[in-house]
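Everything below concerns the one structure shown next.
Position 1 is the first residue of the sequence, and the numbers go up from there. Both backbone and side-chain heavy atoms feed into the values below; hydrogens, waters and symmetry mates do not. Counting starts at 1 for both ligands and their atoms, in listed order.
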Amino acid sequence: MKIKINRNILWAETFVKELVSCGVKYASLSPGSRNTPLTLAFAYNKKIKSFVHVDERSSGFFALGLAKATNTPVAIVCTSGTATAELYPAIVEAYQQRVPLIVCTADRPPELRGRGANQTINQNNLYKNHIRWFHDPGLPQPNIESLAKLKEEIRKAVTKSMFTAKGPVHINFPFRKPFEPKTFTDEVEKDVIDFAGESVTANFHQRKTNTTNLTRKSWIKDISNLAAKYEKGIIITGPGHFGKDFIEECGKLSSTLGYPVFADATSQLRFGSHDKKNIISCYDAFLRSEYFSKQIQPEIIIQFGRTITSKGLETFLNNCSAERYIINEYGDWFDPSGKAKAAYACEPASFCKSLNNIFEKKKINRKTSVWLQKIKDAEERSAKLKKEIIDKSEFPNECRIIEEILEAAPNRANIMLSNSMPVRDFDYFASAKNKAIEVFNNRGASGIDGITSTALGISSSSGKPTILLIGDLAFYYDLNSLLSARKYKTSLTIVLLNNNGGGIFEILPISKYGKIFNDFFVTPHKLDFQAIVKAYGGNYHHVKGWKQFQRLFKQAVNQNELNVLEIKTNAAKSVKLRKTFWEEVNQNLLAAHVI
Ligand SMILES: Cc1ncc(C[n+]2csc(CCOP(=O)(O)OP(=O)(O)O)c2C)c(N)n1
Ligand SMILES: [Mg+2]
């Protein structure tokens, strides 16, 4: 018996079912006509949670947030034309940070391309410089062979985006009208429909790395020999979503070798209940002291995670002759200084474990080295000064807010840090805490676009209280995202630092250029954020003191609503406060002759 079908619908449904069987749980969609088959297939599939955003740019970043928080591939769907280009910023960020996204763009059929058809652009491998894989399955074909091929390509897409080429992948779907389910294009045998509905439960469990094999690798042996020889070593943990395994093994390695761990505030190592005795969080401040940094000359540096946030550490690495090795799952080269010896592809926890095994056998244990003590001493001095300066600082400023947030944040909260000063200030001022706080950022390409959307995506999939620390321009940039906060009643506490423009530029030499500087760089706007937030149905508070902040913040994070706590700051005053901190650290280290 033959059954009437619409081939586009059958194709799209097969696609979505296969995604679900591969473990995809979330999708972010935007409206349009050409993507009708895909949209319907997602909308009718109850095993996938679909969010709808009018603005594709916001949709892309929202999906990025969903994928970051769940570490699973998230589908994005949009129509043809400029809509596809709106996704580009989020794709770039996902590419740079290796966040798994399955980007699905709808396209015109081949006969309508390149001849002025409406809403038609060249979508062939559109994101080619920032995508891990591209596929165009061609027009839908309602036969078992073509459907089988489609399913295979979907499994490939998910495997690549999650494991073998982790990051965003792009599938461009051409569709020829009609799109609606009841407009039939074909009659097919029942076995075609049955085949389309069957799903192969692919084995997409986390890859297991074989540590015994690793110890046989010559480069692991080389690094272990160097570490056994050198007493002066540093472990750097850059931005990354390191889990328990790594934190434990890295702590053990640090302890065995007597190497301090310079932990970026977005590496997850500053927060949690693990042993933090060798975790150093004030390195940015003490390395800015020329006097101190000149005398700290490590022989070896082992670096995990992406490029570090700290300028002080970056300058130090530029001038440092230590043998530096970069270790991450894909061997990505995170080294703006160009001085690293090598970048090796290895899962960081397995790497540490292999070294720990080697050192256990060799009975190496230098827990209390003079080297480690020197660095810990500088850390203690800097931390003490930091506390003193922050405690006596006047309201408002952009430095103290970091500790205020950490103090008031509930255990197991997420904190998303906007680019520009928030992520930097967090790195300078966040001290280690036992609270299990997970830190997120968009430092892949460091855009100030899509930050709120990303935070909303994180909140929507993590189910944890989520906090966003953001400047006024970045907040303005992504106001469109607030519509989805209202629609989905997303819980998000936004701490908005409003210095009326780009405060970051105050630290640049261009800041001496008066009106031109103000008009072309700072770009003040005098926006009334209260009116804007209210228009989107959010709760708004103008914060006028630290005590009030604590009260409002605690109330907001428990509310399951959109809350914006605005603090009106002065960028120049905050610049002065940061400089005071760095100068006092320098003076203290000079006076103490700690070396
Ligand atoms: C998409 C994008 N456009 C421009 C920039 C350049 N940029 C970096 S920081 C910044 C100003 C950000 O201002 P705000 O969010 O208010 O933070 P503040 O500097 O005041 O801390 C700009 C325009 C960027 N990083 N990304
Ligand atoms: Mg600003």
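The pair Lys384-Glu380 fails the salt-bridge criterion, with no side-chain N (NZ, NE, NH1 or NH2) lying under 4.0 Å from an Asp/Glu carboxylate O. A salt bridge links Glu404 with Arg400: the distance from a Lys NZ or Arg NE/NH1/NH2 to an Asp or Glu carboxylate oxygen falls below 4.0 Å.
Distances from the Mg ion (ligand 2) under 2.8 Å pick out these protein N/O/S atoms: Asp472 OD1, Asn499 OD1, Gly501 O.
Both tests pass for Arg98 against the ring of Tyr330: distance under 6.0 Å to the centre and angle within 45° of the axis. The side-chain tip of Lys579 does not point at the ring of Phe581 from less than 6.0 angstrom away and within 45° of straight on.
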Q: Could you check Tyr513 against Phe517 for ring-ring contact (aromatic ring centres under 6.0 Å, His included), going step by step and ending with a plain yes or no?
A: CA-CA 5 Å; Tyr513 288 70; Phe517 170 66; 8.7 Å; no
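Atom-to-atom distance recorded for Glu407:CD and Ile401:CD1 is 12.0 Å, nearest 0.5 angstrom.
Aromatic ring pairs are classed by plane angle as parallel below 30°, tilted from 30° to 60° and perpendicular above 60°; the pair Tyr88 and His130 is perpendicular.
Using a 4.5 Å cut-off on side-chain heavy atoms (C-beta onward), Leu29 and Ser59 make no contact.
Between the Asp478 side chain and the Ser453 main chain, a donor and an acceptor come within less than 3.5 Å of each other.
A heavy-atom cutoff of 4.0 Å around ligand 1 is satisfied by the protein residues Ser420, Met421, Pro422, Ser446, Gly447, Ile448, Asp449, Gly471, Asp472, Leu473, Ala474, Tyr477, Asn499, Gly501, Gly502, Gly503, Ile504, Phe505.
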